[in-house]
Structure formats: C-alpha cells, structure tokens
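Input: a single structure, listed below in structure tokens.
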Amino acid sequence: MKISIIIPVYNEGELIIDTINSISKNFEQTFNIFICYDNEDDNTIQAINKSNLDMGNIFYLKNEFKGAHGAVMTGISKSLSDFVLVMPADDNYNTSNLNKMYNKMCEQNLDVLCPDRFIEPNSIVNGPFVKFLIVRIVNLSLHYLASVPTKDSTNGFRFFSRK
C-alpha cells in the first residue's frame, strides 16, 4: 500500500531538497511524492532535477487550477493511494512525526489527521506576531463557533484516508 505525499510548490528552490531528504530519512512506509507546480519555470523543478535525489518515486504534476489549494486538489485527484499526506514544501522539521501519524491513521481508522501547531511541543516559529494572532483567532473561531473538530484548521500538514 503506497502513500501519496502531495507537496504544493511555488519557487521553493533548495528548500524542497531538504524536505524530500527528510521524508526519505524518516518515513518508513512506501510512498510516492507528487510535486504540484503552477508553472514550468518554477525553480523547484530545476532544483530537484539538478539534485542527486533518487527520482524513482518523485513525480511532477501541473496544477490544474491555481494556487496552493488547487495544487492540493490536483494532487489528491491524481493519486490512487489509500492514504494521502499533504505537506508544505519547506516542512522538513515535522517528518519525524510521519510514522506516528500513519500508525494513528491505521489504528484508529481515521479519515483525516491534522496536527495542531498550538499544542506543546509544537509551535509556529519565525512568523510575525500579527499573523500568529490572526491564525490563532481564526482557528479557535472555527473550532468553537463552527464546531470544526481541530483547533488548527489552517495547518497545511495533513494526512487523509482515500475514504
């Protein structure tokens, strides 16, 4: 059973190399990585092509829509895996959690698993305070007023079941 890892990109350059290396180092499952891009001149593609990465499980998908959400939707629609992981291109620091997340998905038969950046030891680092405040207010509003079952709806790092 393969897992599809969807990574929306926009000129991520060398950042994507660290992320892919970190996934490969930390994730014990069989997976394919789908790099979802908007334009052929995206420097992410050049960085991957110039790297020494094993390209056997890395695939490029042109975004059929626009923006990050469109890239995610394109990736999900093109993948055939039982599980889909969506993660930001610069997220090389959460890959140590991938096995635990996958196991939790399977053990608890979950449809969606969305880690919470606001629970210790997780955090949002190096961002402007105003952005942090807005993100926190939006997420708490969605959780308490709209009964969204996560307190971090805006997190771009999520695991989905094909169900």
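Please read these numbers as outputs of a predicted model, since none were measured by experiment.
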Worksheet item: R162 side chain to D111 main-chain N or O, any donor-acceptor pair under 3.5 Å?
Response: no

Practice prompt. Quick one: name the residues clustered hydrophobically with L15, using the 4.5 Å side-chain heavy-atom rule over I, L, V, M, F, W, Y, and just say none if it's on its own.
Written response: none

Worksheet item: Is there a side-chain contact between I48 and Y60, using heavy atoms and a 4.5 Å cut-off?
Response: yes

Discussion item. Tell me every residue that passes side chain to side chain contact (heavy atoms under 4.5 Å, CB included) with E107, counting only those two or more places apart in sequence or in another chain.
Written reply: N103

Worksheet entry | Donor-acceptor pair, side chain of T44 and main chain of E12, under 3.5 angstrom | yes

Worksheet item: If Ile, Leu, Val, Met, Phe, Trp and Tyr residues are connected whenever their side-chain heavy atoms lie under 4.5 Å apart, and connections chain through other members, are Y10 and I6 in the same group?
Response: no

Discussion item. Donor-acceptor check, side chain of T19 to backbone of A89, threshold 3.5 angstrom: yes or no?
Written reply: yes

Item to complete: Quick one: list whatever passes side chain to side chain contact (heavy atoms under 4.5 Å, CB included) with N99, sequence neighbours left out.
Response: F27, E28, Q29

Worksheet entry | I35 side chain reached by L61 side chain, heavy atoms, under 4.5 Å | no

Worksheet item: Under 6.0 Å from the NZ atom of K62, do we count more than 12 heavy atoms belonging to anything else shown?
Response: yes

Practice prompt. Starting from the C-alpha separation in whole Å, work towards a yes-or-no answer on side chain to side chain donor-acceptor pair (under 3.5 Å) for N57 and K2.
Written response: CA-CA 10 Å; N57 67 336; K2 284 202 176 195; over 6 Å; no

Discussion item. Against F160, only a single residue in V72, V112, D82 fulfils side-chain contact (heavy atoms from CB on, under 4.5 Å); can you say which?
Written reply: V112

Practice prompt. State, yes or no, whether a side-chain contact exists between I7 and I23 at a heavy-atom distance under 4.5 Å.
Written response: yes

Discussion item. Within the structure provided, determine whether C106 and F83 are in side-chain contact (heavy-atom separation under 4.5 Å).
Written reply: yes

Practice prompt. Might you confirm whether atom NZ of K163 has over 12 heavy atoms from other residues, nucleotides or ligands at distances under 6.0 Å?
Written response: yes

Discussion item. Donor-acceptor pair, distance only, cut-off 3.5 Å: does the side chain of S24 make one with the backbone of N21?
Written reply: no

Fill in: Nearest heavy-atom neighbours spanning M55 and N49
CE-OD1, 3.9 Å

Response to the item:
So the salt bridge (charged side-chain N to carboxylate O under 4.0 Å, His left out) pairs with at least one residue in residues 87-102 (sequence neighbours excluded) are none

Fill in: Joint cluster assignment, Y102 & L85, ILVMFWY side-chain distance < 4.5 Å
yes

Worksheet entry | Donor on one side chain, acceptor on other, Y93 and D18, under 3.5 Å | no

Fill in: N/O donor-acceptor pair under 3.5 Å between N11 side chain and N43 backbone
yes

Worksheet item: Any side-chain heavy-atom pair from I3 and T30 closer than 4.5 angstrom?
Response: no

Practice prompt. Kindly give the cluster partners of F65, where membership spreads through any ILVMFWY side chain lying under 4.5 Å from a current member.
Written response: M73

Worksheet item: Does S4 use its side chain to pair, donor to acceptor, with the backbone of N32 at less than 3.5 Å?
Response: no

Discussion item. Test of understanding: with ring pair (Phe, Tyr, Trp, His ring centres under 6.0 Å), list the residues that count as partners of F59, not counting sequence neighbours.
Written reply: F34

Worksheet item: Are side-chain heavy atoms of F157 and V86 found at a separation under 4.5 Å?
Response: no

